[in-house]
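First the structure, in the form of structure tokens, and then the observations on it.
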There are 2 protein chains.
Amino acid sequence: MKQPRLDERKAYILATVVYEYVATAEPVASQTLTQKYNLGISSATVRNEMAELEAEGYLVQPHTSAGRVPSDSGYRTYVDELMQPEALSAADRRRIRDDLRDASRELDELVDQTTRLLGRLSKSLAFVTKPQSETQLFKHIQLISIAPRTGIAIVVTSFGVSAQSLFELGSDVSADDLTRLSSAFNARFANRAIDEIGESEIAAVVAELGLTDDLRGAITTAMQSARSGEIPEIASAGAQNLLDQPEFSDVRKLRSILRIVEEQRTLYDIVADAMNSENPRVKIGRELGNEELADLSVVTVPYRFGPHAIGMLSILGPRRMPYARLLALASGTAESLSQRLADADV
Amino acid sequence: MKQPRLDERKAYILATVVYEYVATAEPVASQTLTQKYNLGISSATVRNEMAELEAEGYLVQPHTSAGRVPSDSGYRTYVDELMQPEALSAADRRRIRDDLRDASRELDELVDQTTRLLGRLSKSLAFVTKPQSETQLFKHIQLISIAPRTGIAIVVTSFGVSAQSLFELGSDVSADDLTRLSSAFNARFANRAIDEIGESEIAAVVAELGLTDDLRGAITTAMQSARSGEIPEIASAGAQNLLDQPEFSDVRKLRSILRIVEEQRTLYDIVADAMNSENPRVKIGRELGNEELADLSVVTVPYRFGPHAIGMLSILGPRRMPYARLLALASGTAESLSQRLADADV
DNA sequence: CTTTGGCACTCCTGGCTCTGGAGTGCTAAG
DNA sequence: CTTAGCACTCCAGAGCCAGGAGTGCCAAAG
């Protein structure tokens, strides 16, 4: 179907159709092309080419007497082969820098803030996965008594506090014992990768100090939730931007999206296969694997902590999105975020 | 204008109009009233009464030959004087109990979960303020070194961890000094109300131990953000439910709302004056003080920790909302949340 | 004085038709 | 292979109309 590599002229026409459609949101006609972009050929020739591009699956016609619109595979070819990469505009670069300069030093908030920034700049919906614990190093655990038989266990990792959980005990335990236990753990496990610390090792330490099994449970739970193999949290922002897009004049579309954003699950599925990979990804329309998102696209780029990608930063918008610009924007933002994390010098 | 107290028949008609309009979302006609509710009078009489109710400001007519719709003050009278309080349905009661039973024990997550629950049950947008620190007691501070000159300060209050902040120091400080300092603070301030702990007291302790001013700064920041007099965080859920309401067929309305939900500021303004009061509140249409929200209403109820209200739980929906039901629902949910908090027995 | 049946009047809603225009596909000639 | 020309298709919007839902008012009845 689309075996034959596009010859240069066809490629240029396809690229131009995508470009024009992204700009105007109107199906693009053969005349528009010849008038606004000076290809040296007549509209009739363009019509012939477009008919072939349609037969090959790159374009579609909303109805017989309308202009052409790119299909998923039209966009795909555009993104993979035709578009000119863009650099981040100076204005955007400055806004990112200014905005993140006085951002919080706390990881969670820093990510939230970055997400909002990206939503604003992209005028789309932005979502960012928070780092999962796997790559984190255990730094410190602290058991604190806050009422006779109730305490709180706090696990600190190389990114800052990553879990806290309340626990109740069957019998009183002295504050002193809690401190001794905390210290023993810290001495033993500091700077180990958190997911390497096994339940048996934990039990061993508790037993050594002759403390109750209750405590072992409490600690295991806290460590568990610090490394929770579950879905990472996902921050999102900018849903309202989507409303400006003509494709959302139909309210039902929007409903699916709002629901999807609220259940983080589907968002996660979208980025899961790109998770912590090193390269930007673009998913277009049906590639998202969800019929409700069929006319949307997502660009996803990683952000790093030191040498490792620890989370993904994504922009969700209409399929008709300015791919090059958003890729530059997402990359730039990811870059700044990574920089900011490195500065914290943890 | 609306001085004269409504006589019984007028009151009944007003109540019925509200009831019917809430149910159908259609302007209600005099005939509908006589047919579906058996008032013993003719539609002509009802028309006369409705004309008077309109003159008095309780009803409005979308256009001359349409039925009547309640005005803000029509709803207001309904809520204050006419409606029958409802009890929580058994089904709802059960769902609340089941849902919160295996909810997280961690405050933040518990609130998030409650918010989502309330959004689902109310089929509207739910938002819940998280407790502000003012009412919290200081329990514990822990300074932890996580890299040569970098550390993290964690403040634990009676609700669990409430602030954590990274700090950097000009010179190395031994882990031991950090521990000594933490202990000194804990000994001195444990169980004091967090907003009573002044900066000078903090400085005094640091000085006593002969430690650097850097540390004073770090601790002050951490305490500051634990008691941050700022807006409390607000969790929200269920925006997509609003889309089912006919009043949102116009997309622009929704845009305002999404924006408002994302900037928590406006949400906070809505509940600010009811903040931590002991009674449920209802705000109707323009009473919300925001033209963009003119055809919405909000019900707000407090939840408690021990004897004190520490946050508010709200439902935002179309002005045409089932007030009695939502009040029951919000109250029931608040009740369960308070219960859950008390159980944690902090 | 209140209630009510009757009736004329208003205004919205949905469906229908019509027209202009934007685009295409095809054909035939260069 | 390209292109001018032309017939054809289809949509979008405007205008029109009919139906119907509801009201307001009047005059008669209780």
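As the structure is a computational prediction, the values presented were derived from the model and not from experiment. In what follows, every chain begins at residue 1, and chains take the letters A, B, ... in the order their sequences are listed.
- Mapped onto DNA chain C by nearest heavy atom, H63(B) and S43(B) fall at different nucleotides, with S43(B) at the one closer to the 5' end.
- For the pair L39(B) CG and dT4(C) P, the computed distance is 10 Å after rounding to whole Å.
- Put simply, CD on E52(B) is 12 Å from P on dG24(D), counting in whole angstrom units.
- Phosphate contact (OP1/OP2 of dT4(C), side-chain N/O of T45(B), threshold under 4.0 Å): present.
- Proximity of residues 9-24 of chain B to DNA chain C (heavy atom under 4.0 angstrom from any strand atom) is restricted to R9(B).
- Looking at I257(A) and L296(A), their side chains come closer than 4.5 Å, going by heavy atoms from C-beta outward.
- For the residue pair R47(B)/S30(B), the side-chain donor-acceptor check at 3.5 Å is satisfied.
- Between L33(A) atom CG and dT3(D) atom C1' the separation is 16 Å, expressed in whole Å.
- In this structure, R95(A) has no salt bridge (Lys or Arg N to Asp or Glu O under 4.0 Å) partners at least two apart in sequence or on a different chain.
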* Take E292(B) and I260(B) through the side chain to side chain contact (heavy atoms under 4.5 Å, CB included) test and state the conclusion after the steps. => CA-CA 9 Å; E292(B) 299 185 286; I260(B) 281 169; 4.2 Å; yes
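- A side-chain donor-acceptor contact under 3.5 Å links S73(A) to the backbone of G57(A).
- In this structure, Y19(B) and Y37(B) have perpendicular ring planes: the angle between them is above 60°, well past the 30° mark.
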* **Sugar-phosphate or base contact per nucleotide [nucleotides 16-30 of chain C; S, B, -; heavy atom under 4.0 Å]** => ------BSBB-----
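- Following rounding to the nearest Å, E49(B) (CD) and dT2(C) (P) show an atom-to-atom distance of 10 Å.
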* May I have the step-by-step check of side chain to side chain contact (heavy atoms under 4.5 Å, CB included) for L267(A) and E262(A), ending in yes or no? => CA-CA 9 Å; L267(A) 288 187; E262(A) 218 163 82; over 6 Å; no
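- Electrostatic pairing of D99(A) and R116(A) does not count as a salt bridge here, judged by no charged N lying under 4.0 Å from a carboxylate O.
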